[in-house]
Structures are given as C-alpha cells and as structure tokens.
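Dumping the structure here so I can ask a few things about it.
From a predicted model like this one, the values you see are computed outputs, not experimental measurements.
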Amino acid sequence: MEIKADTSVCIGAGMCALTVPKVFDQSEDEGTVVLLQEVPPAELEDAVRRAVTLCPSGALSVS
C-alpha cells in the first residue's frame, strides 16, 4: 500500500491524524496533512483505509 496526499485539496480537518497518528500529522503552519509514512506497515493498513474514507476533502488516496 502506498498513500498519496494532495495538500492543495486538504482542508485541515485532521481526521487522518486523529485516526492514524503514526502515519499522518498536520503542518503547524497551514494545518494540512503531512505524511509520516508513505508506505505504512501492514498492521496499519485497515486504519489507513479508514482515514482515507473519513477525509472530508478527498485529499487522501491509497494504491
């Protein structure tokens, strides 16, 4: 699994960082998503998929 984050679409809701703080954070300056791990460990894949689903702006995707 590889995560992609489009910071130009991100509205800074923070659902990703709240859902999987080991993978996502937020920029202190803009509040937009920061990827801590582009390729998360297998045990976090379900949580990452949930974070992608919860993103209100659609800024996150996985492949």
Side-chain angles (χ1 to χ4, degrees):
M1 165 187 284
E2 183 177 347
I3 306 166
K4 296 196 188 307
D6 186 344
T7 57
S8 69
V9 175
C10 180
I11 61 171
M15 294 306 299
C16 56
L18 291 171
T19 305
V20 196
K22 291 181 179 179
V23 176
F24 303 102
D25 199 358
Q26 288 181 271
S27 163
E28 288 191 26
D29 296 332
E30 299 171 13
T32 55
V33 63
V34 174
L35 281 180
L36 302 176
Q37 300 181 55
E38 287 185 28
V39 180
E43 65 268 12
L44 295 179
E45 287 185 4
D46 287 342
V48 167
R49 289 184 198 285
R50 177 142 174 82
V52 170
T53 301
L54 291 173
C55 178
S57 67
L60 301 174
S61 63
V62 293
S63 56

Report summary line: When rounded to the nearest 0.5 Å, the distance separating SG of Cys10 from CD of Gln26 is 7.0 Å
Requested in this report: Could you walk me through whether Met15 and Cys55 pass side-chain contact (heavy atoms from CB on, under 4.5 Å), step by step?
Outcome: CA-CA 6 Å; Met15 294 306 299; Cys55 178; 6.0 Å; no
Query raised in the report: How would you list, by chain and number, every residue that makes a salt bridge (charged side-chain N to carboxylate O under 4.0 Å, His left out) with Glu43, sequence neighbours excluded?
Result: none
Query raised in the report: Less than 4.5 Å apart, any side-chain heavy atom of Glu2 and any of Ser63?
Result: yes
Report task. Supply the members, apart from Leu35, of the Ile/Leu/Val/Met/Phe/Trp/Tyr cluster built from side-chain contacts under 4.5 Å; use none for a lone residue. Result -> Met1, Ile3, Val20, Val23, Phe24, Val33, Leu44, Val48, Val52, Leu60, Val62
Report summary line: Ile11 meets the side-chain contact (heavy atoms from CB on, under 4.5 Å) criterion, sequence neighbours left out, with Ala13, Pro56, Ser57
Report task. Only counting residues at least two apart or in another chain, list the ones meeting salt bridge (charged side-chain N to carboxylate O under 4.0 Å, His left out) with Lys22. Result -> none
Report summary line: The side-chain contact (heavy atoms from CB on, under 4.5 Å) partners of Thr19 (sequence neighbours excluded) come to Arg50, Ala51, Leu54
Requested in this report: Applying side-chain hydrogen bond (donor to acceptor under 3.5 Å, both in side chains), name anything that partners Asp6, two or more places apart in sequence or on another chain.
Outcome: Ser8
